[in-house]
Novice: 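The structure that follows is given in the form of structure tokens.
The sequence lines fix the lettering, A, B, ..., with proteins before strands; numbering per chain opens at 1.
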Amino acid sequence: MILKIKTFGISRDILGGREVELDMNGTSVGDLRKSLSMRYPQLDKLNSLFIAVNQEYAPDEKVLTAADEIALIPPVSGG
Amino acid sequence: MILKIKTFGISRDILGGREVELDMNGTSVGDLRKSLSMRYPQLDKLNSLFIAVNQEYAPDEKVLTAADEIALIPPVSGG
Amino acid sequence: MIEITEHPIEVQKIIQAATSNEAGAVNTFIGNVRNQTSGKKVVRLEYEAYEPMAVSEIQTVIDRASEHWKLTGWAVSHRVGALLPGEIAVVVAVATPHRKESFEACQFIIDSLKQTVPIWKKEFFEDGDQWVSAHP
Amino acid sequence: MIEITEHPIEVQKIIQAATSNEAGAVNTFIGNVRNQTSGKKVVRLEYEAYEPMAVSEIQTVIDRASEHWKLTGWAVSHRVGALLPGEIAVVVAVATPHRKESFEACQFIIDSLKQTVPIWKKEFFEDGDQWVSAHP
């Protein structure tokens with residue numbers, strides 16, 4: 001499945017763009033994590049990486065569709 | 001010794017003036033408390049009554065002179 | 001900056017007086033006149049201060065706070081005279097390098113101010129008035 | 001009121017948005033850009049937000065605070081874009097009937113905001129830059 005992924009903070013530097021297409025294996029958020037990790041091993045060095053689906057933090061079990069708004073959430077540092 | 005006593009809050013209502021003269025027996029803050037209590041028994045009904053000498057809270061042992069600035073500090077309620 | 005004033009307190013001025021370039025965090029407490037106390041409608045308040053002693057006691061509170069926390073700035077303003085519900089009675093602004101200390105120091109200062117600073121509040125109801133906290 | 005803004009935050013506006021007649025106490029936290037971090041001179045910061053999710057996550061934080069404390073009003077503003085030392089990055093204002101709750105709720109909101117709201121800060125030094133907290 002081909003997904004469009006929004007990137008923020010350091011994840012944008014690692015993926016190299018505001019919105020990046022990724023051809024992932026599997027259908028869940030957990031599967032997406034594995035595909036991202038294979039393609040962008042630098043993501044594994046971050047303190048944390050959450051995945052937001054339709055503007056909400058999503059658990060690894062969540063099943064994705066190509067219509068979902070998917071975003072990478074590296075460690076936040078607001079305030 | 002005759003003292004001038006500044007009054008605030010409810011102590012002004014009880015003593016009946018912004019600055020009241022009192023002829024006290026003894027010389028200490030503790031003695032002043034006794035003289036006040038005799039003359040104005042309603043003061044004993046307050047939650048607390050501190051005596052300030054020269055704009056500082058004074059202990060009962062402190063010895064007074066007629067030149068001191070003396071003030072009654074009933075329970076404070078600022079803020 | 002310590003201020004006992006008969007005029008409406010300008011919050012922005014108090015915050016600015018506490019703020020400097022070293023201030024990573026500024027915590028501000030604003031105490032407003034409430035329109036009721038224990039369910040009874042408050043028509044107005046009157047605050048009275050023993051002014052020179054109030055200023056020096058506020059300074060004592062600030063000095064005590066400075067022993068516990070690194071204050072990069074601070075300002076305290078207390079209103080006196082007649083106030084209506086909704087008006088600002090007191091403002092405390094405290095600046096520190098980090099945020100946790102700004103909360104702790106500001107709370108310490110307002111809590112201490114209420115306990116030791118010679119300022120008195122009289123509440124006026126529709127059917128009478130009373131000096132707050134005077135009697136058990 | 002929740003605001004993510006590229007323009008300087010107007011503190012007075014945020015405080016007023018949180019204040020109502022029932023508010024006995026208003027606590028305000030202001031986070032400023034510091035001129036150094038761990039002793040290293042900061043030239044400027046850049047904040048970036050995933051804006052719609054940042055707004056909804058701030059709302060989630062407010063909802064959680066409302067379960068614990070009676071908030072009579074609140075307002076949160078976070079700046080994005082390039083900021084210089086001394087500029088205001090974030091303002092949280094919380095109004096409650098009594099003062100203790102105003103401190104607790106305001107601290108809870110800013111602490112939670114820093115943990116869960118998708119906003120990122122990049123620090124620029126004289127000799128480089130870094131995304132804050134990204135790496136161990």
Novice: In this structure, are over 12 heavy atoms from other groups packed under 6.0 Å from D:Glu10 atom CD?
Specialist: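 No, because the 6.0 Å sphere around CD of D:Glu10 holds 12 heavy atoms or fewer from other groups.
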
Novice: For C:Ala25, is there any backbone N or O sitting under 3.5 Å from a side-chain donor or acceptor partner on D:Asn32?
Specialist: no

Novice: What distance do D:Ile110 atom CD1 and C:Lys100 atom NZ have between them, rounded to the nearest 0.5 Å?
Specialist: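 Answer for the CD1-NZ pair, D:Ile110 versus C:Lys100, is 15.0 Å.
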
Novice: Which one of C:Gln36, C:Gln107, C:Glu22 has the most heavy-atom pairs closer than 4.5 Å to chain D?
Specialist: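 It is C:Gln107.
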
Novice: If I measure from the heavy atoms of chain C, does D:Lys114 come under 4.5 Å with its side chain, its backbone, both, or neither?
Specialist: side chain

Novice: Non-hydrogen atoms of chain D under 4.5 Å away: do they reach the side chain of C:Ile15, the backbone, both or neither?
Specialist: side chain

Novice: Taking every heavy-atom pair that is under 4.5 Å apart, which of C:Gly86, C:Pro85, C:Ala23 has the most such pairs with chain D?
Specialist: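 The candidate making the most pairs under 4.5 Å is C:Ala23.
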
Novice: List the steps and the verdict of side chain to side chain contact (heavy atoms under 4.5 Å, CB included) for C:Thr28 and D:Phe29.
Specialist: CA-CA 7 Å; C:Thr28 304; D:Phe29 176 81; over 6 Å; no

Novice: So which of C:Gly31, C:Pro97, C:Ser102 has the largest heavy-atom pair count under 4.5 angstrom toward chain D?
Specialist: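 With the most close heavy-atom pairs to chain D, the winner is C:Pro97.
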
Novice: Answer yes when C:Asp111 and D:Arg99 have at least one side-chain N-carboxylate O distance shorter than 4.0 Å, and no when they do not.
Specialist: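 Salt bridge flag = yes for D:Arg99 with C:Asp111.
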
Novice: Do you know which of D:Val11, D:Thr19, D:Ile30, D:Asn35 has the most heavy-atom pairs with chain C at a distance under 4.5 angstrom?
Specialist: D:Ile30

